[in-house]
Amino acid sequence: MLKLLRSLLDARPEPEVIPTVPEGQRVYAIGDIHGRYDLLCRMIARIEADEVSRPPADTTVILLGDLVDRGPDSARVIATAREWAKRRRVRILAGNHEEMFLGSFEREDTLRHFLRHGGRETLLSYPIEPEVYSRATLEELRVIMNEAVPEEDIAFMQSMEDRIQIGDYVFVHAGVRPGVPLEEQKVSDLRWIRGEFIEGPETRNFAVVHGHTILDAPHVSALRISLDTGAYASGLLTAIGLEGTGRWLISVQGEPAAEAA
């Protein structure tokens with residue numbers, strides 16, 4: 001467990017920028033949840049307790065996207081995130097899986113792609129019987145999901161953001177394309193990029209906090225923080241707290257996917 005929770009040190013030279021959250025503010029960022037309602041509930045409790053233990057601050061919670069798919073309870077994850085946002089400032093990024101989910105209502109090719117990457121579990125977390133799902137054609141399934149998924153869930157996902165910047169930190173789902181100014185980044189890169197960003201040079205004047213790429217343990221270096229620890233399968237959901245120049249990891253551990261199901 002200790003190995004899973006340690007931050008990974010980056011061997012690159014120390015950057016000139018020391019990322020800072022503006023004075024008086026605090027940020028919590030949570031990695032990819034992927035339908036693990038059980039872990040989200042535990043993480044909410046941990047963050048609320050951590051917040052109470054610290055001096056008062058203007059606090060923002062950021063969910064880094066991919067709330068849905070793969071895990072068993074995407075519908076309850078969406079409902080819980082929406083309710084939490086009524087009690088405190090919670091900002092939510094759209095991940096590539098939210099993009100696929102929304103696109104599935106309109107395009108058969110996207111629906112097919114969505115189902116291959118965890119969409120089946122998402123749809124079955126709504127009032128759709130497994131037998132009905134199994135017998136349905138793609139055309140029939142689009143009708144069924146339009147009836148089963150509440151309009152407020154669709155509107156909630158449509159309202160998710162693509163990029164959030166607070167102080168010297170930029171929060172995105174997947175990453176940014178190296179060498180491209182923030183205001184010129186393509187949404188497709190913010191939601192889907194992987195190798196070019198992770199393996200690219202860290203010559204930025206800001207730190208990027210992201211999910212999307214699964215790791216056994218969170219990666220924390222000066223200018224990149226990666227928080228996707230594969231919660232849907234590993235049972236490990238990871239978050240980070242940021243205040244001033246300080247950083248601290250928060251994790252919750254549940255059952256791996258087979259036991260959780």
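Computed from a prediction, not measured in an experiment: that's the story for all the values here.
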Asker: Give a yes-or-no answer on whether the side chains of His210 and Arg224 include a donor-acceptor pair shorter than 3.5 Å.
Answerer: yes

Asker: Do the side chain of His113 and the main chain of Asp109 share a donor and acceptor less than 3.5 angstrom apart?
Answerer: no

Asker: Nearest heavy-atom pair of Glu196 and Ile193: which atoms, and what distance?
Answerer: OE1-CG1, 3.7 Å

Asker: Would you name the heavy atoms of Ser226 and Leu215 that are closest together and state the gap between them?
Answerer: OG-CD1, 3.6 Å

Asker: How many angstroms lie between CG in Leu39 and OG1 in Thr229, if you round to the nearest 0.5 Å?
Answerer: 9.0 Å

Asker: How many angstroms lie between OG1 in Thr122 and CZ in Phe114, if you round to the nearest 0.5 Å?
Answerer: 4.5 Å

Asker: Got a salt bridge between Arg46 and Asp50, using NZ or NE/NH1/NH2 to carboxylate O under 4.0 Å?
Answerer: no

Asker: Quick check for you: to the nearest 0.5 Å, what is the distance between Leu138 atom CG and Arg107 atom CZ?
Answerer: 14.0 Å

Asker: Begin from the C-alpha positions of Arg87 and Ile44 and carry the test side chain to side chain contact (heavy atoms under 4.5 Å, CB included) through to its verdict.
Answerer: CA-CA 12 Å; Arg87 304 195 304 270; Ile44 290 173; 4.2 Å; yes

Asker: Any side-chain heavy-atom pair from Arg142 and Leu111 closer than 4.5 angstrom?
Answerer: yes

Asker: Is a salt bridge present between Arg194 and Glu199, judged by a nitrogen-to-oxygen distance below 4.0 Å?
Answerer: no

Asker: Please report the shortest heavy-atom distance between Gly167 and Pro22, naming the atom on each side.
Answerer: CA-CD, 3.5 Å

Asker: Measure across Tyr28 and Gly241 and return the closest heavy-atom pair with its distance rounded to 0.1 Å.
Answerer: CD2-CA, 4.0 Å

Asker: Calculate, to the nearest 0.5 Å, the distance between atoms CD1 and OG belonging to Ile30 and Ser251 respectively.
Answerer: 12.0 Å

Asker: Has Gln253 got a side-chain atom pairing as donor or acceptor with Gly235's backbone, closer than 3.5 angstrom?
Answerer: yes

Asker: With a 4.5 Å cut-off on side-chain heavy atoms, are Met43 and Ile250 touching?
Answerer: yes

Asker: State plainly whether the residues Arg191 and Glu98 are in salt-bridge range, i.e. N to O under 4.0 Å.
Answerer: no

Asker: Are Arg70 and Tyr232 in a cation-pi contact, defined as NZ or CZ under 6.0 Å from the six-membered ring centre and within 45° of the axis?
Answerer: yes

Asker: Is any NZ, NE, NH1 or NH2 atom of the basic residue among Arg120 and Asp69 found under 4.0 Å from an Asp or Glu carboxylate oxygen of the other?
Answerer: no

Asker: Checking the side chain of Asp228 only, and the main-chain atoms of Gly31 only, is there a donor and an acceptor separated by less than 3.5 Å?
Answerer: no

Asker: His212 and His173: which non-hydrogen atoms are nearest, and at how many Å?
Answerer: ND1-NE2, 3.3 Å

Asker: Pairs of donor and acceptor atoms involving the side chains of residues 178-188, under 3.5 Å and at least two apart or interchain, shall be tabulated with distances.
Answerer:
from	atom 1	to	atom 2	distance (Å)
Gln185	OE1	Arg177	N	2.8
Gln185	NE2	Arg177	O	3.0
Gln185	NE2	Val180	O	2.8

Asker: Indicate yes or no for a side-chain donor-acceptor contact from Ser125 to the backbone of Ala75 under 3.5 Å, with no hydrogens or angles considered.
Answerer: yes

Asker: Find the distance between OH (Tyr169) and CZ (Arg247) and round it off to the nearest 0.5 Å.
Answerer: 3.5 Å

Asker: Is Val90 close to Arg88 at the side-chain level, that is, under 4.5 Å between some pair of heavy atoms?
Answerer: yes

Asker: Using 0.5 Å steps for rounding, measure from the CG atom of Leu141 to the CG atom of Leu123.
Answerer: 5.5 Å

Asker: Of all heavy-atom pairs between Val209 and Ala29, which one has the smallest distance, and what is that distance?
Answerer: CG1-CB, 4.0 Å

